[in-house]
Amino acid sequence: MQASEVKTHKPVWSDWCPGCGNFGILRAEELAIRELGLDPKSVVVVSGIGCSGKLPHFMNVPINGVHTLHGRALAFATGIKLANPKLKVIVNAGDGDALGIGMGHFVHAGRRNIDMVLIVHDNGVYALTKGQASPTLRKGIKTKSLPKPNVNEAVNPLAVAIASGYTFVARGYAYDVNHLKELMKRALNHRGMALIDVLQPCPTYNDVNTKEFYDKRVYKLEEQKDWDPVVRKPEEVQEKALKAIMKSFEWGERIPIGLFYQNTLEETYEDRIAKYIENYFDYPPALQEIEKDGKSTTLMDKLLKTRRI
Amino acid sequence: MQASEVKTHKPVWSDWCPGCGNFGILRAEELAIRELGLDPKSVVVVSGIGCSGKLPHFMNVPINGVHTLHGRALAFATGIKLANPKLKVIVNAGDGDALGIGMGHFVHAGRRNIDMVLIVHDNGVYALTKGQASPTLRKGIKTKSLPKPNVNEAVNPLAVAIASGYTFVARGYAYDVNHLKELMKRALNHRGMALIDVLQPCPTYNDVNTKEFYDKRVYKLEEQKDWDPVVRKPEEVQEKALKAIMKSFEWGERIPIGLFYQNTLEETYEDRIAKYIENYFDYPPALQEIEKDGKSTTLMDKLLKTRRI
Amino acid sequence: MRISWLIGGPQGQGVDTSANLFGQAVAKAGYYIFGNREYYSNIKGRHSYFQTVLSDNPVHSVVSYADILVAFEPETVFQHFDEVRKVVIYDPSQASVSVPFVRSMEPEIAEEKSKLLENEGLRPTVNDAITYAVKRGAKAIGLDYDSIVVKVAEEVNVPRSVAERVKNVAAVGASLKVLGLPIDGLLEAVRNAFKNELFIRMNSLAAKLAYDQVPSVYDLKPLERKEPRVWMDGNTAVALGKLAGGLRFQSYYPITPAADESVYLEAVETIEMEVNALKKGGVIVVQTEDELAAINMASGAALTGARAATSTSGPGFSLMAEGIGWAGMNEVPVVITYYMRGAPSTGQPTRTGQADLKFALNVSHGEFPRIVIASGDHVEAFWDAIWALNLAERYQTPVIHLLEKAIANSYVVTEESNFRGEYVIDRGKLVRPETDYFPRFQVTEDGISPRVRLGDAGVFYSGDEHNEWGHITEASTNRRTMYEKRMRKLETADREIPEEKRVNVFGEGDYAVVTWGFTKGAILDVLDELQAMGVMAIQVRMFSPYPRNLMRKLLQGKKAIIALEGNYQAQGAEVMTEQTGVFPTHYVLKYNGRLITSDEVMEGVKRALKGERRVVLSAGQ
Amino acid sequence: MRISWLIGGPQGQGVDTSANLFGQAVAKAGYYIFGNREYYSNIKGRHSYFQTVLSDNPVHSVVSYADILVAFEPETVFQHFDEVRKVVIYDPSQASVSVPFVRSMEPEIAEEKSKLLENEGLRPTVNDAITYAVKRGAKAIGLDYDSIVVKVAEEVNVPRSVAERVKNVAAVGASLKVLGLPIDGLLEAVRNAFKNELFIRMNSLAAKLAYDQVPSVYDLKPLERKEPRVWMDGNTAVALGKLAGGLRFQSYYPITPAADESVYLEAVETIEMEVNALKKGGVIVVQTEDELAAINMASGAALTGARAATSTSGPGFSLMAEGIGWAGMNEVPVVITYYMRGAPSTGQPTRTGQADLKFALNVSHGEFPRIVIASGDHVEAFWDAIWALNLAERYQTPVIHLLEKAIANSYVVTEESNFRGEYVIDRGKLVRPETDYFPRFQVTEDGISPRVRLGDAGVFYSGDEHNEWGHITEASTNRRTMYEKRMRKLETADREIPEEKRVNVFGEGDYAVVTWGFTKGAILDVLDELQAMGVMAIQVRMFSPYPRNLMRKLLQGKKAIIALEGNYQAQGAEVMTEQTGVFPTHYVLKYNGRLITSDEVMEGVKRALKGERRVVLSAGQ
Ligand SMILES: Cc1ncc(C[n+]2csc(CCOP(=O)(O)OP(=O)(O)O)c2C)c(N)n1
Ligand SMILES: Cc1ncc(C[n+]2csc(CCOP(=O)(O)OP(=O)(O)O)c2C)c(N)n1
Ligand code: SF4
Ligand code: SF4
Ligand SMILES: [Mg+2]
Ligand SMILES: [Mg+2]
């Protein structure tokens with residue numbers, strides 16, 4: 001049997017466990033894309049490997065899905081975005097994916113400040129490989145899948161992101177689809193590298209950071225009167241960054257979600273490219289007509305002449 | 001001609017450029033080892049690839065030198081230290097090495113808090129490959145080796161280290177050998193993962209962050225009356241960490257060097273291992289007599305019996 | 001006698017447990033077993049199944065059919081109705097369920113199976129699928145799961161939703177009856193498997209109720225066992241081999257199907273040793289941030305004198321390439337246990353494959369001795385794990401130990417004595433120096449230099465070309481000397497390791513099947529039939545250094561040379577040609593992610609000998 | 001006529017500049033040139049040298065001797081005195097300096113060279129080294145560098161420390177005189193090379209003073225040139241080829257000897273194109289955080305429709321293994337330009353090597369079409385860069401373009417027309433879809449599916465096995481179908497690409513040299529001599545798909561088959577045997593990090609034909 005005989009695209013069954021937080025992320029993402037009125041064809045959802053990594057396949061809109069390698073989603077996404085800045089690029093990655101094996105790319109993506117959105121499925125475990133501790137699981141915690149309490153200290157993705165140059169840093173909660181969707185819309189509207197770390201319960205392997213755990217702890221920064229995370233003047237950068245970092249350490253009886261930090265002043269990597277390459281935004285690499293009648297359109301004469309001796 | 005005919009160890013010519021900051025780091029490191037009275041044979045200096053990576057070969061004491069791969073020094077060092085916690089392990093890495101290609105290991109080493117010292121040769125360039133921008137070079141800076149101003153934002157190694165769990169975080173200056181040596185001694189005496197980011201002028205490729213540049217900017221934290229970076233009570237951890245992060249953002253007319261943060265309370269990874277493995281410190285993997293008369297000393301009987309059916 | 005039993009169900013709903021219980025009950029009744037698990041790269045909901053082949057003789061592989069198919073939900077019926085031979089146990093209350101209602105079933109499979117039924121004029125319902133099986137001679141046994149659940153709920157006083165879970169143990173109870181075996185073994189297994197008294201009661205009751213509901217089809221008798229037997233899966237066999245071989249450091253990054261080996265080692269913690277002073281050792285297991293760290297940590301540990309290894313699968317091994325090169329350049333004794341799975345890329349993480357051989361043989365840039373061995377079954381995996389550690393330390397070079405998901409996730413029941421014997425440890429030229437500095441890379445005739453632990457004298461290592469002291473040098477003469485020194489080690493190994501140890505030969509005859517890895521088991525299970533046709537089998541166990549001379553001798557004058565492999569290119573045969581100049585005459589290959597079965601070996605060989613130059617096998621859901 | 005000129009000096013002290021000036025002057029005088037740079041993995045102070053072979057005929061390689069050796073400090077004399085044939089220019093004021101005082105010299109080399117002198121009863125001084133050369137027939141010319149420096153300092157009015165820098169240009173001035181060529185070409189080159197008027201004056205003066213100080217030894221005449229010639233190093237040749245081939249995205253992580261290619265591309269920025277509306281394009285060059293990012297970024301870019309590549313060397317390629325597998329699985333047209341250097345591991349970063357072929361051919365786990373080509377010289381490198389991009393897009397699979405440090409860092413002066421012609425672009429099955437969703441992986445007869453850009457329709461990719469839509473599926477039938485579809489592309493390529501295009505054949509005869517890569521040039525330079533001995537040469541240019549049939553035909557009936565390669569294993573020959581069953585009869589190999597020279601080819605072939613089964617070459621400091 002060949003799909004060639006079928007030739008109509010069938011939605012893929014979402015094979016996540018019942019009750020998985022990933023459903024909420026998927027839903028919020030679909031809604032955000034729809035509500036912003038984006039042309040789905042120009043949206044590319046890039047993902048890594050893990051339960052989270054399957055997300056693009058489960059989307060019910062004709063987006064493009066690029067399900068990549070464990071830890072490397074950001075690198076693929078960077079290539080896609082830079083070769084065609086007209087595309088909207090969203091990266092969905094697991095916490096092991098983005099912050100464990102992919103930590104190097106995570107930090108360096110901040111340094112570039114490319115106009116993309118990274119959504120981390122923060123479930124505290126390596127779910128698809130059966131529940132080992134992920135880098136966000138706190139030290140000493142023993143989920144049911146671990147033989148002993150976790151030996152490593154957790155990373156703080158928000159703090160590292162801010163220290164690395166992300167210009168939009170937020171935390172969402174998978175079971176608050178509406179709030180998450182709004183965060184995603186803001187992130188998609190932000191020009192620059194955005195992180196949304198999503199608290200994503202994994203009912204199968206993480207019996208500590210459960211829905212019950214979060215439901216009673218989570219509160220929204222947007223509802224705090226004096227919380228203004230947006231940098232509007234260059235002088236504010238350091239102060240707001242530090243405040244956000246401080247906030248990101250809050251974890252215990254109360255866990256903040258919402259926007260921690262946004263810097264609207266920083267130019268994007270694409271802007272920096274455009275300084276050297278004329279027409280970059282209008283006529284990006286992906287769309288240049290390099291061929292005509294089977295021959296190259298690139299003019300080599302001048303370049304060759306510079307080599308003359 | 002074979003070295004076998006020679007069989008006496010000859011010191012290796014240090015092939016760094018005249019005036020290179022690496023000489024200061026080498027000197028401080030030799031002095032620190034000597035002044036602490038460490039048995040050189042039990043010292044293992046692990047390095048990455050770059051001008052910096054050659055350091056162990058240039059040491060004038062019979063330490064062990066393990067010159068590894070670009071970006072991977074920390075991983076090798078971790079294996080060495082965990083297999084034999086009796087060894088003193090120092091890691092010398094370039095800034096490209098430790099913070100570029102090696103950023104993933106850099107962060108995860110913090111999470112483990114193994115008792116080692118990481119010394120970053122922070123010269124702002126990929127020196128050995130002819131001066132490309134390293135991750136610590138600030139955006140918009142154009143060193144003489146760069147065709148255009150640097151397009152990437154710099155990382156802040158101290159902030160990332162603190163956010164990642166390093167329990168000793170300091171900055172040194174290659175031309176202040178004495179101060180650097182003292183920092184190294186403190187780091188070597190610290191139990192846990194220590195970072196010393198060393199401002200290391202590269203006169204050949206970095207004509208911005210030169211000796212002149214630093215000489216007039218650098219000041220010592222130790223000389224500030226109210227600076228106390230040491231965590232002595234659990235309640236202080238967050239406050240001191242934040243203060244240190246704030247301090248680490250100070251860069252301009254004045255650049256602080258010295259100890260930014262030290263947490264003496266955190267248990268090491270080795271401590272955590274020793275909870276599960278009896279005799280770990282006394283009889284570590286490296287020293288176990290696994291063989292006797294050509295046969296295994298490991299008793300398999302019990303293990304096999306558990307598989308009986 | 002050989003009976004294939006197959007149970008299926010959605011991942012995470014007890015299929016494994018029931019297969020284990022079944023296996024234990026049957027093993028306790030004195031039967032040999034080979035069991036294999038097939039599952040999706042998914043946590044809950046996708047179809048997984050377990051096939052258990054039992055026999056009064058040792059058994060080493062699966063077959064492409066199910067004598068007994070056990071289903072408690074529709075997808076299992078749909079996926080396997082065309083594989084049943086004798087008996088199908090199913091839930092008649094689901095008879096009317098049709099394919100489109102089974103959402104977990106992949107469209108490709110749904111369509112394929114529906115078409116199969118359609119071709120026979122049947123509809124895609126459970127009922128018609130059963131009809132299909134019955135038409136082909138199977139006996140359909142409807143097990144009234146619901147009544148069992150109701151009874152259990154009542155008697156044990158639990159809600160029905162809880163009692164639902166007993167279905168798969170009920171299925172096992174019914175299976176034992178079908179086989180004609182007593183139920184006691186199962187009841188004992190249930191007692192051992194569950195800690196909770198309530199669950200023991202629930203499941204025992206369900207097993208008994210089901211046992212009483214169904215007829216016997218077979219008439220098996222419990223058998224005598226002369227010596228103790230063990231239950232061994234591939235991951236555990238390797239872990240135990242490593243322990244026997246003195247492993248003291250293992251680093252890993254989680255990956256299917258390798259991780260369970262490390263998890264097992266981690267659980268061991270403290271190790272008993274026959275040493276005077278401090279009697280207990282311990283193996284350090286580190287979960288790393290990635291596979292680049294894993295290989296390099298293991299190398300670091302190896303430099304200190306600890307026996308060190310890492311364990312991974314394709315994607316992880318790809319990431320280890322650079323680190324393996326460093327180990328080669330620095331003559332580090334490190335073992336990489338490499339479980340092959342469906343490739344390339346993420347491929348089919350939970351399916352088997354045998355397509356990584358040439359990558360393993362040529363991994364990383366440049367030339368250095370790469371020792372590569374490939375185990376053919378669980379017992380070999382155990383001994384090869386010890387062998388690998390010894391080879392690594394004797395020749396001071398990375399050793400790659402190849403296995404497959406087919407071995408990792410399958411198990412055998414076999415004599416415990418297969419895993420006992422003399423565990424030889426060869427530490428090679430590990431010495432204690434007397435000097436301050438030690439030239440780690442002395443040039444010697446056999447290429448192997450005396451080696452010291454970090455900490456015993458000042459020694460230097462470098463991934464750059466180095467002199468005898470380990471210091472960088474670029475002199476062209478030194479470059480040649482050290483290059484040759486390293487390569488000489490492989491020649492030394494080639495001289496020292498008997499070629500007979502590198503090849504297993506089964507039977508004799510004018511026709512040869514040349515194979516490697518897991519396929520060995522499938523061959524062993526049909527060796528008599530092959531021999532009757534004049535077909536012998538050659539299993540290559542070490543690919544580098546390659547047993548060139550012996551292979552040439554073995555291949556000489558054969559009327560046919562059939563390459564039997566689990567890949568497309570016939571990589572083992574490519575290496576054979578490279579090394580001996582001899583080409584295979586026929587190919588029997590399989591690369592659909594499923595194990596080569598013993599009956600497929602026969603099918604393939606027969607078709608080849610009838611003149612098909614390239615036979616592609618494709619059994620398995 | 002062929003003259004080998006060699007200049008040495010400490011890294012960072014103008015050796016390169018002077019070699020460039022020399023080359024320009026000679027090229028302007030109408031000579032063909034081949035130039036090669038040898039240097040340490042060091043920034044300042046280690047010995048580097050530049051060898052320039054000039055000829056009235058095109059020249060493609062270096063030789064293992066220096067007709068003219070030019071030294072302005074002692075180490076160059078010590079490193080090369082035994083290679084001089086005709087003339088040695090040195091600084092007599094340094095005559096008494098002895099080896100132990102040259103700290104930058106590696107102990108291995110110091111010892112080796114001292115012994116050489118000692119064996120002749122000489123001491124390890126500059127003076128005695130010159131004596132050694134003179135004894136062997138060379139003419140020693142003492143150039144009074146100091147007096148030149150003093151005069152320059154005076155005339156131009158700069159401190160002596162500044163004037164010191166003119167020494168190497170002085171050396172070039174002297175060289176031109178020795179050759180008998182006029183000085184104008186050099187003065188012109190000096191004017192072009194320096195921006196600063198002061199430097200122009202200083203260096204012109206130094207050149208003239210030196211020119212006047214020394215005698216003529218040769219009697220070269222300026223030659224006519226019929227058409228424009230270019231100066232082309234390997235990195236630039238590839239960069240230009242890529243531009244001609246429509247490259248629009250290149251990612252890289254700095255590494256020797258690949259980085260210069262990317263640096264060149266980055267400098268190009270805006271590209272002129274023959275397109276109507278928006279006339280200018282641009283190639284994006286991204287310096288990545290590591291090579292894992294580099295390959296995956298390039299793949300990402302390729303999915304959008306941009307022609308994309310990355311460029312690296314051994315350590316980086318090792319890190320790319322996993323990404324290349326993903327590209328194979330997802331049928332991504334991506335080119336990996338792979339410059340081989342001394343391996344394994346960090347190896348010898350600035351020295352050449354040819355030992356990564358089998359790694360390239362087998363990189364990453366699992367099976368997928370890997371297309372591998374290997375260029376033999378600068379012109380081929382240019383055209384192969386275009387070819388690689390076309391192959392990648394036609395067969396939708398990663399293409400590995402192998403080169404060596406020997407090509408990257410060497411240059412030729414040759415006709416510009418060699419780089420002109422029709423730049424064919426074959427975008428394969430790139431289409432514009434009309435539907436919302438597009439099945440990216442349609443099964444076709446030739447294995448190649450229509451391909452769309454990301455953004456043109458909803459398409460899916462996955463490193464997991466997938467169906468035609470790019471969605472994950474584990475069905476065993478789909479697995480087989482898609483596996484075969486992918487592998488079929490390699491068979492299609494094998495059918496479509498003429499085997500004649502994959503092999504270069506030089507001459508004819510009963511004896512064959514089989515080689516690949518840079519060695520082509522060395523062979524071309526002695527082809528007449530080889531032909532006189534009845535030796536022909538075969539250069540394999542594409543290793544996958546391998547030109548199996550043509551190679552079989554070419555090898556048939558040869559009296560000797562000599563594998564000539566820059567590695568230990570003779571990897572090209574191993575692949576030959578794997579593919580054809582034919583073994584070489586002899587081996588001529590070199591793996592000391594230095595280029596195979598044309599005279600070594602002759603030496604090797606002669607020794608082989610006299611019966612040495614394995615000849616190992618070792619020329620070069
Ligand atoms: C290089 C590599 N190493 C290991 C794996 C195995 N693997 C698959 S998923 C996964 C972890 C998934 O954890 P996370 O990224 O947190 O995603 P989640 O499943 O929790 O969504 C791992 C380690 C892999 N696919 N590739
Ligand atoms: C995997 C890999 N990629 C690239 C290189 C090439 N390389 C050698 S040194 C170096 C950078 C050195 O920079 P840094 O780490 O800052 O050290 P420095 O030379 O400045 O001390 C690079 C990229 C390599 N050796 N390995
Ligand atoms: S294992 Fe956890 S993360 Fe994965 S699908 Fe199940 S609940 Fe979700
Ligand atoms: S290039 Fe820079 S870092 Fe390297 S040795 Fe020279 S001065 Fe030091
Ligand atoms: Mg996770
Ligand atoms: Mg640096």
Side-chain angles (χ1 to χ4, degrees), chain C residues 40-41 106 108-109 112 314-315 317-319 321-322 325-326 328-329 340 342-348 351 353 355-356 358-359 361-368 462-465 467 473-480 483 487 567-569 574 577-578 581 583 591-594 616 618 620-621, chain D residues 40-41 106 108-109 112 314-315 317-319 321-322 325-326 328-329 340 342-348 351 353 355-356 358-359 361-368 462-465 467 473-480 483 487 567-569 574 577-578 581 583 591-594 616 618 620-621:
Chain C
Y40 276 77
S41 179
E106 291 181 331
E108 288 76 18
I109 298 177
E112 182 185 341
F317 191 78
S318 274
L319 292 177
E322 193 197 19
W326 193 91
M329 184 60 140
M340 291 175 283
S345 198
T346 312
Q348 296 202 315
R351 310 294 178 174
D356 304 355
K358 285 180 76 185
F359 181 42
L361 282 167
N362 296 291
V363 66
S364 204
H365 54 292
E367 297 172 315
F368 57 94
S462 177
D464 286 61
E465 187 58 275
N467 61 20
T473 167
E474 303 200 13
S476 59
T477 41
N478 177 79
R479 168 68 170 161
R480 180 175 164 188
Y483 204 135
M487 297 306 283
N567 58 53
Y568 183 99
Q569 292 173 212
E574 288 181 320
T577 307
E578 176 196 286
F583 284 96
Y591 40 82
N592 68 350
R594 311 307 190 266
V616 179
S618 57
Q621 296 309 325
Chain D
Y40 278 77
S41 177
E106 290 180 332
E108 287 76 19
I109 298 177
E112 182 185 341
F317 190 79
S318 274
L319 291 178
E322 194 198 20
W326 193 90
M329 185 60 141
M340 290 174 286
S345 198
T346 312
Q348 297 202 316
R351 310 294 178 174
D356 305 355
K358 285 179 76 185
F359 181 41
L361 282 167
N362 295 289
V363 66
S364 203
H365 54 291
E367 298 171 315
F368 56 94
S462 176
D464 285 63
E465 187 58 275
N467 60 20
T473 165
E474 303 199 14
S476 58
T477 40
N478 177 79
R479 169 69 170 160
R480 181 177 163 187
Y483 203 133
M487 297 307 282
N567 58 52
Y568 182 100
Q569 291 172 214
E574 288 182 320
T577 307
E578 177 196 286
F583 285 96
Y591 41 82
N592 69 350
R594 311 307 189 268
V616 180
S618 58
Q621 295 311 323

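Only this structure's heavy atoms are used, side chains among them; waters, hydrogens and symmetry mates stay out. Throughout, a chain's letter reflects where its sequence line sits, starting with A, and its residues are numbered from 1.
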_Under the rule for side-chain hydrogen bond (donor to acceptor under 3.5 Å, both in side chains), what residues qualify as partners of C:S462, not counting sequence neighbours?_
B:H67

_Heavy-atom pair of closest approach, residues D:A321 and C:S318_ = CB-O, 3.6 Å

*Parallel, tilted or perpendicular for D:Y591 and C:Y483, by the 30°/60° rule?*
tilted

*CG/D:D356 to OG/C:S364 distance, rounded to the nearest 0.5 angstrom?*
8.5 Å

*May I ask you to decide if the ring planes of C:F359 and D:H365 are parallel, tilted or perpendicular, using 30° and 60° as cut-offs?*
tilted

_Top contributor to chain D interface from C:P344, C:A343, C:P315 [non-hydrogen pairs under 4.5 Å]_ = C:P344

_Closest heavy-atom pair and its distance - D:G593, C:R479_ = N-CG, 4.2 Å

*Below 4.5 Å from any heavy atom of chain D, which atoms of C:F583 appear? Answer side chain, backbone, both or neither.*
side chain

*From CD (C:E474) to CZ (D:R594), nearest 0.5 Å*: 7.0 Å

_Residue among D:G342, D:S41, D:G353 with most heavy-atom pairs under 4.5 Å to chain C_ = D:S41

*Once you round to the nearest 0.5 Å, how far does CG of C:N478 lie from CD of D:E112?*
10.0 Å

*Without swapping roles, check the side chain of D:E108 against the backbone of C:T477 for a donor-acceptor pair under 3.5 Å.*
no

*What residue in C:V363, C:D464, C:T577 has the most heavy-atom pairs under 4.5 Å with chain D?*
C:D464

*Select, from D:Y40, D:W326, D:F317, the one with the greatest count of heavy-atom pairs under 4.5 Å involving chain C.*
D:Y40

*Any donor-acceptor pair under 3.5 Å from D:Q348 side chain to C:E465 backbone*: no

*C:E106 versus chain D, heavy atoms under 4.5 Å apart: side chain, backbone, both or neither?*
side chain

*Do the side chain of D:S476 and the main chain of C:N592 share a donor and acceptor less than 3.5 angstrom apart?*
no

*Whether C:Q569 side chain and D:E367 backbone form a donor-acceptor pair below 3.5 Å*: no

